[in-house]
Amino acid sequence: MREVQPMIKGVRGAPDILPTEVGRWQRVETESRRVLENYGYHEIRIPIFERTELFVRGIGEGSDIVQKEMYTFTDKGGESLTLRPEATAPVVRAVHEHSLLSEGKPVKVYYIGPMFRHERPQAGRFRQFHQIGVEAIGVEGPRVDAEMLALLVHLFEEWGLPDLELHLNSIGDPSCRPSYVERLTEFLRSRKAKLCRDCQERLDRNPLRVLDCKNPGCRAVTAHAPKSIDFLCDPCADHFRRLRELLDALEVKYELDPRLVRGLDYYTRTAFEIVNPALGAQNAVAGGGRYDGLSEEIAGKAVPGIGFAVGLERVVTSLAGKGKDRKTLGDQPLEGVFVATLGLEPDRHGFLLVQRLRRAGVRTGLDLTGEGDRSLRSQLRQADKERFRYCLILGEDELKKGEATLKDMEGGGQEAIPLGTVVDHLTRVKRGEHP
RNA sequence: GUGAGCGUAGCUCAACGGUUAGAGCACUGGACUGUGGCUCCAGGGGUUGAGGGUUCGAAUCCCUCCGUUCACCCCA
């Protein structure tokens, strides 16, 4: 006797997006594409895996992503490859590899696709997740920053999420950040006893991280900690001041957030996040900033850049709480025709008729479980459930007379029409020429 | 990687340690042998996550594993 095979299940943290929910995803994606193109961004498609070295150098050796979250494997040639945990480094790589900057600056691109991080899943966090990301590479001035933030806010408005918070900060650059970090460390060290155990460790490893600790005790301490924007060097301070002027002029609303930090070394100056406080522990729906040091790291050329990434799962769950996004089957408009057949002979005709209707561009349904031997009742029920506007009934009676019965599923009325005119009739209905 | 909660039908959930593990929704059929939505009736569907233990008897108590959820960590 053969043993029953156990069911093969999906991989942890890699959820399926089912047909019932995929409509919302498609809506977000198409709306995004339109807005992004209006701002002068073009899509770029990069591989979902890269040489491991790209991420190690790009994201930083010491980062959590590189240290413990990458899906890394050795391919048959012995080379170490990694499923992309983020796409900024690959995009910067591609921009340099294909010399796109020679076509003019900045290079403005966006991408939509899956990312992979080996983390423990929880609300809003997955091992395979999806991002829409935007990068503008090659220009240093604050206008790019302002345009990008206006775009980011615009996207959220377009999706129907206008109330989320935009947090903004400037974390300086290599010429001024070290002295700030020094002052911050000094400040925290004198209050070390009041910090949580994690933060006491962070104090040595990455003092900036203490600022965004959730522990109430730590927050009380850091509430009066020195702020990075008070320690910016002149060029950084000027950049930030001009950015804020531009944002005010554009009427982009934001909140200055001195706790907002980016852990990685290549981040410079502008840092920002979109937060949905209703979301739970993982409440950053989008995040980004300037990375003027990144190109140097992965291509050996100092080229400024700025970008952000939006977490699509987090956008979609933010949307799910909103009534206006409800797109249940029942709200969908009635459209097309269901061909119901009664008997083997009518079913043969019906099967061919369905194909002709579909080729003519009409949304058409039929029963696939039988061959005209299913009850009319159940076929009508299927037509109703699948939201067809009409049901074309083809039985022995009709076939003998060379007709078909066209039933209006909305009003309930029905009429006999000659079989030969069915396709023509329904394409005219579709074009709105005929009720 | 750490901690806590939860695993019963496709889904949402019942069942004081005690007959054959139930209900609603969904699905299929019928009432209406060729007319949907509403109503009523019937039917199919379960290794109670898996394995072990305690007991006369376990969905229920204990242990291990697995899965899942939330949180820490970190981030989209």
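Note that the structure is predicted; figures quoted are calculated from it, not measured. In what follows, chains are A, B, ... by sequence order, proteins preceding strands, each numbered from 1.
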Indicate, with a heavy-atom threshold strictly under 4.0 Å, whether [X] touches base, sugar-phosphate, or nothing.
X	value
A:Phe126	base
A:Gly133	nothing
A:Ile393	base
A:Glu398	base
A:Gln414	base
A:Ala383	nothing

Can you check the [X] [atom1] to [N] [atom2] distance for me, whole Å?
X	N	atom1	atom2	answer
A:Ile274	B:rA76	CD1	C1'	12 Å
A:Phe388	B:rG37	CZ	P	17 Å
A:Gln282	B:rC73	CD	C1'	10 Å

**Q.** Exam field: side chain A:Arg191 to backbone A:Phe187, donor-acceptor pair closer than 3.5 Å
**A.**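 Yes, because the side chain of A:Arg191 sits within donor-acceptor range (under 3.5 Å) of the backbone of A:Phe187.
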
Q. Does A:Gln200 reach the main-chain N or O of A:Leu195 with its side chain, forming a donor-acceptor pair under 3.5 Å?
A.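 Yes, the answer is positive, given that a donor and an acceptor are paired below the 3.5 Å cut-off.
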
Just to verify, what does [X] make a side chain to side chain contact (heavy atoms under 4.5 Å, CB included) with, not counting sequence neighbours?
X	value
A:Glu50	A:Pro47, A:Leu54, A:Phe55, A:Pro90, A:Arg93
A:Lys68	A:Asp64
A:Leu250	A:Ala146, A:Ala150, A:Val252

Has [X] got a side-chain N or O lying under 4.0 Å from the OP1 or OP2 atom of [N]?
X	N	answer
A:Arg202	B:rC74	yes
A:Arg117	B:rC74	no
A:Arg209	B:rC75	yes
A:Gln122	B:rA71	yes

Q.
Does the protein touch nucleotides 25-33 of chain B at the base, only the backbone, or not at all? Give it as B, S and - per nucleotide, heavy atoms under 4.0 Å.
A. --SSSBB--

Using the [atom1] atom as the reference point in each nucleotide, state the distance between [N] and [M] in Å, no decimals.
N	M	atom1	result
B:rG37	B:rC25	P	15 Å
B:rA23	B:rA31	C1'	24 Å
B:rC16	B:rU69	C1'	29 Å
B:rG17	B:rA58	C1'	7 Å
B:rG43	B:rU60	C1'	30 Å
B:rA9	B:rG1	C1'	36 Å
B:rG45	B:rU28	C1'	11 Å

Side chains of [X] and [Y], donor plus acceptor under 3.5 Å:
X	Y	answer
A:Glu135	A:Tyr41	no
A:Gln414	A:Thr405	no
A:Ser32	A:Trp159	yes

Give every donor-acceptor pair under 3.5 Å between a side-chain atom in residues 364-371 of chain A and any protein atom, sequence neighbours left out.
| from | atom 1 | to | atom 2 | distance (Å) |
| --- | --- | --- | --- | --- |
| A:Thr364 | OG1 | A:Val362 | O | 2.9 |
| A:Asp367 | OD1 | A:Thr369 | N | 3.1 |
| A:Asp367 | OD1 | A:Thr369 | OG1 | 2.8 |
| A:Asp367 | OD1 | A:Arg374 | NH1 | 2.6 |
| A:Asp367 | OD2 | A:Thr369 | OG1 | 3.4 |
| A:Asp367 | OD2 | A:Gly370 | N | 3.0 |

Q.
Tell me which pairs pass salt bridge (charged side-chain N to carboxylate O under 4.0 Å, His left out) where either residue lies in residues 274-284 of chain A, with sequence neighbours left out.
A.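 Counting only pairs at least two positions apart or across chains, no salt bridge (charged side-chain N to carboxylate O under 4.0 Å, His left out) contact touches residues 274-284 of chain A.
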
Q | Base of B:rC75 paired with side chain of A:Arg314 (donor-acceptor, under 3.5 Å) | A |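 Yes.
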
Considering only distance and modelled atom types, tabulate donor-acceptor pairs under 3.5 Å from the side chains of residues 116-129 of chain A, sequence neighbours left out.
| from | atom 1 | to | atom 2 | distance (Å) |
| --- | --- | --- | --- | --- |
| A:Arg117 | NE | A:Pro85 | O | 2.8 |
| A:Arg117 | NH2 | A:Pro85 | O | 3.0 |
| A:His118 | ND1 | A:Tyr71 | OH | 3.4 |
| A:His118 | NE2 | A:Arg127 | NH2 | 3.4 |
| A:Gln122 | OE1 | A:Arg125 | NH2 | 3.4 |
| A:Arg125 | NE | A:Arg120 | O | 3.1 |
| A:Arg125 | NH2 | A:Arg120 | O | 2.6 |
| A:Arg127 | NE | A:Glu119 | O | 2.6 |
| A:Arg127 | NH2 | A:Glu119 | O | 3.3 |

Q. Paired stems touching RNA chain B, three or more consecutive Watson-Crick or G-U pairs with both distances under 3.5 Å?
A.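 Consecutive-pair runs (3 or more) involving RNA chain B: B:1-7 with B:66-72, B:10-13 with B:22-25, B:27-31 with B:39-43, B:49-53 with B:61-65.
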
(Q) Quick check for you: among B:rC74, B:rC70, B:rG34, whose closest atom lies nearest to any side-chain atom of A:Ala123? (A)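 The listed nucleotide nearest to A:Ala123's side chain is B:rC70.
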
(Q) Pick the closest RNA chain B nucleotide for A:Asp198 and for A:Met409 by heavy atoms, then say which residue is nearer the 5' end. (A)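 Result: A:Met409.
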
(Q) Pick the closest RNA chain B nucleotide for A:Lys68 and for A:Asp397 by heavy atoms, then say which residue is nearer the 5' end. (A)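 Comparing both residues, the 5'-ward one is A:Asp397.
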
Pair up each side-chain donor or acceptor in residues 210-226 of chain A with any protein partner under 3.5 Å, not counting sequence neighbours, and list the distances.
| from | atom 1 | to | atom 2 | distance (Å) |
| --- | --- | --- | --- | --- |
| A:Asp212 | OD2 | A:Arg209 | NH1 | 2.8 |
| A:Asn215 | OD1 | A:Gly217 | N | 2.8 |
| A:Asn215 | OD1 | A:Cys218 | N | 3.4 |
| A:Arg219 | NH1 | A:Cys213 | O | 3.1 |
| A:Thr222 | OG1 | A:Cys218 | O | 2.9 |
| A:Thr222 | OG1 | A:Arg219 | O | 3.3 |
| A:Thr222 | OG1 | A:Arg259 | NH1 | 2.6 |

Q | Set of residues satisfying side-chain hydrogen bond (donor to acceptor under 3.5 Å, both in side chains) with respect to A:Glu140, sequence neighbours excluded | A |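 Per chain and number, A:Glu140 pairs via side-chain hydrogen bond (donor to acceptor under 3.5 Å, both in side chains) with no residue.
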
Q) What heavy-atom pair brings A:Pro174 and A:Thr268 nearest, and what distance separates the two atoms? A)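 Minimum heavy-atom separation between A:Pro174 and A:Thr268: CD-CG2, 4.1 Å.
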
What does the list of N/O pairs under 3.5 Å between the protein and nucleotides 1-5 of chain B look like, with a distance for each?
| from | atom 1 | to | atom 2 | distance (Å) |
| --- | --- | --- | --- | --- |
| B:rU2 | O4 | A:Arg120 | NH1 | 2.6 |

(Q) Quick check on contacts: within residues 56-66 of chain A, what sits under 4.0 Å from RNA chain B by heavy-atom distance? (A)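 Listed by number, they are A:Asp64.
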
(Q) Looking at A:Asp204 and A:Arg189, is any side-chain nitrogen of the basic one under 4.0 Å from a carboxylate oxygen of the acidic one? (A)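 So A:Arg189 pairs with A:Asp204 through a salt bridge.
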
